[in-house]
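A short write-up of the structure that comes next.
Each chain gets a letter, A, B and so on, in the order the sequences are listed, and its residues count up from 1.
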Amino acid sequence: MSFFTSGLFWFLEGVCFCLAGAALKHYLEDRGIPMRWWKWMLFAGWVILLGFTIAFITTSAGENETVAALKGGIILVPISIITGAVIWRLLKAGRRPVISQASDQD
Amino acid sequence: MSKAEAGKRCDRRQFLKASGAAGAVLGSTGLGFFGYAAGKDLETYTGCVNLEGAHQLDRTKWQVDKPHYEAVGPTDRPDPRTEFIFDRGMYRNTQVFQDFLESHPEVKEAEEEMARFRQQMNKPRQRPGESEEEYAAKIKAWEEQVKINSEEWDRLMAEDQRCQEDLILSEAWSNAMGAVSPRLSDLVQGGGRMGMRGGGILPGQGGQQQQQEAEPSWAQTSPEKTDAPRRREPLVMKDPKLTSKLIKKMAHEFGSVLVGITQLNPDWVYKYGRHGRGFEPDKVMEVPKHWKYAIVVGTPMSWDPMYANPNFGTSNDAYSKSRIVAYRLTAFIKALGYWARPHTPGTDYDLMVPPIMVDAGLGEQGRHSIVITPELGCNIRPAVVTTNIPMATDKPIRFGVQEFCKGCKICAEICPSGAITRDDKTVVRGYNRYQINYSKCHNFWYCNQGNIGCRICVAACPYTRKANWLHTTALKATAMDTSGVSHKVLTKLQKQLYPSQGKPEDYYMARLGGKNTSYRQPPWWLRTRDFIEL
């Protein structure tokens, strides 16, 4: 079994994505972007789409199915980018002005 | 909070954000590596890594009471004299076959097609004593018949010979795979040539001489002898369910990837005895009473060469493995005191295997007439053991193949010989099913340069894909979908994303107007010119 299809790999993937999720929460807080449940759902959906795009292209490449990798990439990569941009704009909806921590303390 | 504390908190926050960003990058990269591994990993070559049954899926959720085929009229058994393609040479000049041709114009057409192919493949040679003028006249007549210029034919022949050189490793591999075959003596004389008990003889102890004297053959030995148990009285089996479990475990231990058990439907047994199988040839064959159950075993053909059919693939690998499994299983059952007989590839059958596979719950029969299994698609070469050991039987399964095949037709579109129907099912011997023109299929076996056979329909079938997340998800989607939407979408995706490397006519040898195309490139270990100076 390859490391990349093992249970340990998926544990490490989980750690990476938890870290990324926590960081995103702080990042959005710092930018004054409020997150509602539906925004998290939208974002999770986009992450799945992005993951599918990456995994589809690389799996097809691993199978030597170059046509599938190429055509899949041509279709899925722009879709991922466009939906990412749309979702980012939706996330930013209702953004509050940012009050820096330093000025808050002063 | 002091400035220092705020700064420290800020740093921690910044650190977490930076770690998160790194995590996102690492996670995404990891997904990329996962995908590549899922495409490349040998573990996704279902059945090739683990031969102990770990790849056989739990079929409970797909089990149904009745198989997908249905009897729509009076049923009949197949006639091997006309329908068993490998015996055709024996019967071609008989009245039985001529009568069959009259009632089957599609077979007659295929017979004529093959005669034309043979003529085009073989340029006449100059016979000893034949004058130049006579030979020139002969060539001219031949050129007119095959409508091809002699010089052009020579160029195409050279192209075919170059392709033949490319296939040196593939042929050697195929021949090696077919080199090992169990013998009848293993079943009727002893517990195997390496056996210590039960009549086995160790090499170098006079065994060779004894075997030469008493080597039995299927042709000369009746089923009463070949199928007979190795004990006077059968051992009493505690429970049919337990016996079934034991038999399946043994089949996996013997090397089978898939195994299923069913009661033998006599409709699948040939109507007449075949030459060389111990039955009286050409006489209506009574199904032996001890052929009560059928155990179906099967192994896949090597995956990468299979995708490079028709040239680089072979059937010999899986044929040999399945044959060995069936003989081992037969020997095992006989040792328990029960009757058993192997029906094995390539031609040692007394029955049709695909419907027995369906009955045994291994899969559904597809448009191309091959049984499609959930684990291996149609990349499976089966063998059957008929026996009377009491066992619990499996139920047939339905996982959406009939519905998928109705609209897919990829195999029919790519088949170089045009043998696979694009039409609906027809009634064959009383059963509603897809019927292929097996004569045309068989013709193409001799019209390509590869190891005998074709197998492009196996490679092109959307079900014959690796067992990774991508294809198993598609399999589950089609199995669950009763609306047919996923079938249409996936068929279109299959055609767009996994197209054939050539048109159907490209798969023929150059002399017959083709390009010696393979469905996919051969694996590195079959690329002759990378290893051998030519």
Side-chain angles (χ1 to χ4, degrees), chain A residues 1-31 43 47-76 80 100-106, chain B residues 1-7 9-10 12-45 49-50 303-304 307-308 465-466 468-471 473 493-501 520-524:
Chain A
M1 180 191 275
S2 157
F3 165 73
F4 292 105
T5 51
S6 66
L8 177 63
F9 166 75
W10 285 111
F11 171 74
L12 294 175
E13 279 289 288
V15 171
C16 285
F17 282 112
C18 283
L19 263 177
L24 179 77
K25 184 174 178 292
H26 288 306
Y27 175 77
L28 294 172
E29 277 172 6
D30 289 355
R31 298 196 64 163
F43 184 73
V47 168
I48 289 169
L49 174 67
L50 185 71
F52 178 79
T53 303
I54 295 169
F56 180 86
I57 295 168
T58 50
T59 300
S60 300
E63 288 180 334
N64 281 331
E65 295 287 356
T66 42
V67 176
L70 203 68
K71 283 188 178 175
I74 289 169
I75 296 165
L76 290 170
S80 298
S100 74
Q101 281 181 337
S103 60
D104 193 30
Q105 294 304 314
D106 293 338
Chain B
M1 189 184 292
S2 69
K3 273 191 178 177
E5 278 176 327
R9 191 180 151 196
C10 187
R12 202 176 290 159
R13 200 175 174 85
Q14 293 300 334
F15 176 73
L16 184 64
K17 277 156 61 176
S19 307
V25 172
L26 272 176
S28 304
T29 314
L31 270 183
F33 280 109
F34 155 74
Y36 191 74
K40 199 102 184 156
D41 197 340
L42 288 180
E43 188 142 301
T44 62
Y45 288 63
V49 175
N50 190 318
W303 283 81
D304 287 333
Y307 283 126
R465 294 289 172 261
K466 289 185 180 179
N468 59 38
W469 68 276
L470 190 58
H471 304 301
T473 307
L493 282 175
Q494 178 75 26
K495 288 181 182 176
Q496 286 296 319
L497 300 177
Y498 305 95
S500 159
Q501 284 195 352
R520 291 284 182 272
Q521 292 301 310
W524 64 269

With only heavy atoms counted, which part of A:Phe9 is less than 4.5 Å from chain B, the side chain, the backbone, both or neither?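 Side chain of A:Phe9 only, per the 4.5 Å heavy-atom cut-off to chain B.
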
To the nearest 0.5 Å, how far apart are [atom1] in [X] and [atom2] in [Y]?
{"X": "B:Ser28", "Y": "A:Leu50", "atom1": "OG", "atom2": "CG", "answer": "5.5 Å"}
{"X": "B:Leu470", "Y": "A:Phe52", "atom1": "CG", "atom2": "CZ", "answer": "6.0 Å"}
{"X": "B:Asp41", "Y": "A:Thr5", "atom1": "CG", "atom2": "OG1", "answer": "4.5 Å"}
{"X": "A:His26", "Y": "B:Arg13", "atom1": "NE2", "atom2": "CZ", "answer": "5.0 Å"}

B:Gln496 portion near chain A, given a 4.5 angstrom heavy-atom threshold: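 Interface part for B:Gln496: both.
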
Under 4.5 Å, counting heavy-atom pairs only, tell me which of B:Ala38, B:Ala37, B:Gly30 racks up the most with chain A.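 Of the options given, most contacts go to B:Gly30.
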
Heavy-atom pairs under 4.5 Å with chain A, option from B:Ala22, B:Gly32, B:Ala21, B:Ala24 with the top count: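 Max contact count across the listed options: B:Gly32.
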
Any heavy-atom pair between the side chains of [Y] and [X] that's under 4.5 Å?
{"X": "B:Tyr36", "Y": "A:Thr59", "answer": "no"}
{"X": "B:Leu16", "Y": "A:Leu19", "answer": "yes"}
{"X": "B:Leu497", "Y": "A:Phe56", "answer": "yes"}
{"X": "A:Trp10", "Y": "B:Phe34", "answer": "yes"}

Within a reach of under 6.0 Å around CZ of B:Phe33, are more than 12 heavy atoms found that belong to other residues, nucleotides or ligands?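 Not more than 12 within 6.0 Å, no.
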
Do other residues, nucleotides or ligands put more than 12 heavy atoms under 6.0 Å from A:Lys71 NZ?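 Yes, the 6.0 Å shell around NZ holds more than 12 heavy atoms from other groups.
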
If you look only at pairs with a residue in residues 56-65 of chain A, which of them pass as a salt bridge (charged side-chain N to carboxylate O under 4.0 Å, His left out), with sequence neighbours excluded?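 The answer is A:Glu65-B:Arg520.
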
Kindly write out the residues that satisfy salt bridge (Lys or Arg N to Asp or Glu O under 4.0 Å) with B:Lys40, not counting sequence neighbours, or none if the list is empty.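 In terms of salt bridge (Lys or Arg N to Asp or Glu O under 4.0 Å), with neighbours along the sequence ignored, B:Lys40 is linked to no residue.
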
Heavy-atom pair with the smallest gap, counting every atom of A:Ala23 and B:Gly20: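 It is CB-CA, 3.3 Å.
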
